[in-house]
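Some notes on the structure that comes next.
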Amino acid sequence: ILAKKHFEMASALDSNYKMGLLGSLVLGCGASQTVDQAALEELQRRFQEGLILQEDTSILSAVVQMSGAGLSCLKRPEIDALFASFLENPRVAADKKMSMYSLHADYLWLSEKDLPAARGALQRALDISPRHLSLRLKWAQLDYIAGDHESAKNLLQELRGEPFSSKERETLNNLLSS
């Protein structure tokens, strides 16, 4: 009860602060496996209408991670609505939108196993930044998963000489050797 009051007070003190609302959602899911609807609706409203703070992308990332680990009672429509609210905010810069579309694609594939929806979200990210190397690598992964190995191979060969992180380079090489 004390933690819930803390999250409510923190959220009430700053109309742009969203981390306390995430805390309320996590607390509700953990304590009773029920969604704090008021916190969820307020978080959606703040994403859609408020200032987007530096840590706000971390909130959606945490939601995706908790969902993937089975630690969240939020269902797909609620998570999709959080992403939609964030992406509808006219104050969100294109690079943040690109990142959130990519994160949504991760959620849609890894947690929901919805390949068409994941491809749709990733395509929206690529529409913003068509030459983004990490997005293109992720597209090759989705091609591979979809069974379009020829398309995946062509894209991976195109990307072979690009400067990737060591983890992405490992992914690229593993896919090429498959």
Side-chain angles (χ1 to χ4, degrees), residues 1-112 114 117-139 142 165 167-168:
I1 295 176
L2 185 58
K4 184 165 177 48
K5 288 289 180 202
H6 169 75
F7 292 135
E8 288 171 356
M9 285 176 47
S11 296
L13 289 172
D14 182 348
S15 64
N16 291 306
Y17 184 70
K18 299 166 197 77
M19 205 60 84
L21 296 167
L22 175 64
S24 293
L25 289 172
V26 169
L27 194 61
C29 284
S32 63
Q33 287 296 305
T34 58
V35 176
D36 181 337
Q37 283 298 322
L40 179 63
E41 289 170 13
E42 182 60 16
L43 183 56
Q44 286 174 311
R45 188 192 69 71
R46 289 183 187 194
F47 272 152
Q48 189 169 7
E49 299 171 6
L51 288 175
I52 297 299
L53 306 175
Q54 189 64 31
E55 69 264 10
D56 290 351
T57 55
S58 299
I59 291 171
L60 287 172
S61 183
V63 167
V64 168
Q65 288 175 357
M66 288 185 304
S67 175
L71 301 174
S72 174
C73 62
L74 295 177
K75 303 293 184 236
R76 179 174 175 178
E78 296 157 336
I79 293 173
D80 286 346
L82 285 173
F83 275 100
S85 296
F86 185 96
L87 293 162
E88 288 170 10
N89 187 320
R91 296 179 178 142
V92 176
D95 64 324
K96 280 196 192 322
K97 283 187 180 191
M98 179 202 65
S99 295
M100 290 302 98
Y101 280 125
S102 178
L103 180 63
H104 196 204
D106 291 345
Y107 163 74
L108 291 166
W109 171 244
L110 297 172
S111 292
E112 298 296 327
D114 186 343
R119 286 183 123 166
L122 188 56
Q123 182 60 60
R124 287 189 285 285
L126 282 161
D127 289 345
I128 294 169
S129 186
R131 303 300 307 160
H132 194 281
L133 295 176
S134 296
L135 297 177
R136 294 175 71 214
L137 178 59
K138 193 178 291 189
W139 189 268
L142 292 181
S165 69
K167 184 175 179 173
E168 288 176 320

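If you read the sequence from its start, that first residue is 1, and numbering goes on from there. Values in this document were obtained by computation on a predicted structure and should not be read as measured data.
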Atom of [X], atom of [Y] and distance for their closest heavy-atom approach:
| X | Y | value |
| --- | --- | --- |
| S24 | D36 | CB-OD2, 3.8 Å |
| E55 | Y17 | OE2-CD1, 4.2 Å |
| F47 | N89 | O-ND2, 2.8 Å |
| M98 | I128 | N-CD1, 3.7 Å |
| A121 | Y101 | O-CB, 3.4 Å |

Is it the case that the side chain of [X] and the backbone of [Y] share a donor-acceptor pair, with hydrogens and angles ignored and the cut-off at 3.5 Å?
| X | Y | answer |
| --- | --- | --- |
| S67 | V63 | no |
| N16 | L51 | yes |
| K97 | L87 | yes |
| D56 | L53 | yes |
| R91 | E49 | yes |
| S99 | D95 | yes |

Check your understanding: Under 4.5 Å between any side-chain heavy atoms of T57 and F86, yes or no?
Key -> yes
Practice item. Would you check if L25 and L40 make a side-chain contact, meaning some heavy-atom pair closer than 4.5 Å? Key: yes
[X] side, atom [atom1]; [Y] side, atom [atom2] - distance, nearest 0.5 Å:
| X | Y | atom1 | atom2 | result |
| --- | --- | --- | --- | --- |
| F83 | L108 | CZ | CG | 7.5 Å |
| W139 | R136 | CH2 | CZ | 12.0 Å |
| L103 | L110 | CG | CG | 10.0 Å |
| M66 | S111 | CE | OG | 11.0 Å |
| L122 | L126 | CG | CG | 5.0 Å |
| E78 | Q44 | CD | CD | 8.0 Å |

Practice item. Output all residues satisfying salt bridge (Lys or Arg N to Asp or Glu O under 4.0 Å) with K138, sequence neighbours left out; order by chain, then residue number. Key: D106
**Study point:** Salt bridge present between D114 and R76 (N-O < 4.0 angstrom)
**Key:** yes
**Study point:** Salt bridge R46-E42, side-chain N to carboxylate O under 4.0 Å
**Key:** yes
Practice item. Identify which one of I59, V64, L74 satisfies the side chain to side chain contact (heavy atoms under 4.5 Å, CB included) criterion when paired with L82. Key: L74
Review point. Given L133 and E168, is the side chain to side chain contact (heavy atoms under 4.5 Å, CB included) satisfied, shown in steps?
Key: CA-CA 10 Å; L133 295 176; E168 288 176 320; over 6 Å; no
